[in-house]
Amino acid sequence: SRIERLVVKRYEMVALIIDTIKEVLSNLFKAYFIIMIITFGELWLGFKIIGINHSIMLACIIAIFDFMPVLGLDMIMVPWIIINALTNNIYLAIALLIIYLIVVVTKNILEPRLLAKNLGLSPIVSLIGMYLGMQWFGIIGLFIAPTLIMIIIQVFKVKHQLKNNE
């Protein structure tokens, strides 16, 4: 009957949308995991070059903090740099600042590209989404906006695909 076909179509669309959301979130996780690994490598190498003890452990902790929304690299690096500058350990403060800047610049270059690649968005759409998300929702919006854009695009694709299959 007509009602059964309508229900089946709705459930098919819901199932496709749920699968799409799972795929988008999985790809988003992959992109941020790659960024975390690169951040770890840069931090570890930088700490090793300037002779910081336990460089692997510190790089790992900071990279994990950077992976988590809101916490980030800044929560550890900025106070560490300031404390060293205020305690007249200028060499270490400058060295940490250089490492911090390298990581931030690399991350700002890679993040839109990796998100675009893993979410199937063009880099400009990803950047616009990140910017608007940051403006509207703060730090969390930086992560949420590209994901929402991708989910919305995928929902429209699923709807279009189901319409064409009729």
Within one Ile-Leu-Val-Met-Phe-Trp-Tyr cluster: [X] and [Y], side-chain cutoff 4.5 Å:
X     : Y      : answer
Ile98 : Ile52  : no
Val78 : Tyr91  : yes
Leu86 : Ile76  : yes
Ile82 : Ile50  : yes
Leu58 : Ile102 : no

[X] to [Y] - nearest heavy-atom pair and separation:
X      : Y     : result
Met77  : Leu96 : CE-O, 3.6 Å
Ala93  : Ala85 : CB-N, 3.6 Å
Thr106 : Glu42 : OG1-OE2, 2.7 Å

Between Phe137 and Leu132, is there a side-chain heavy-atom distance shorter than 4.5 Å? no
Separation between [atom1] of [X] and [atom2] of [Y], rounded to the nearest 0.5 Å:
X     : Y      : atom1 : atom2 : answer
Ile38 : Leu114 : CD1   : CG    : 6.0 Å
Ile99 : Ile81  : CD1   : CD1   : 8.5 Å
Leu92 : Asn89  : CG    : CG    : 4.5 Å
Thr87 : Ile90  : OG1   : CD1   : 8.0 Å
Thr39 : Lys107 : OG1   : NZ    : 6.0 Å
Met36 : Cys60  : CE    : SG    : 7.5 Å

I'd like to know whether the aromatic ring centres of Phe40 and Phe67 sit less than 6.0 Å apart in this structure. no
Less than 6.0 Å separating the ring centroids of Phe47 and Trp80? yes
Assess, by modelled atom type and distance only, whether the side chains of Tyr100 and Asp74 contain a donor and an acceptor separated by less than 3.5 Å. yes
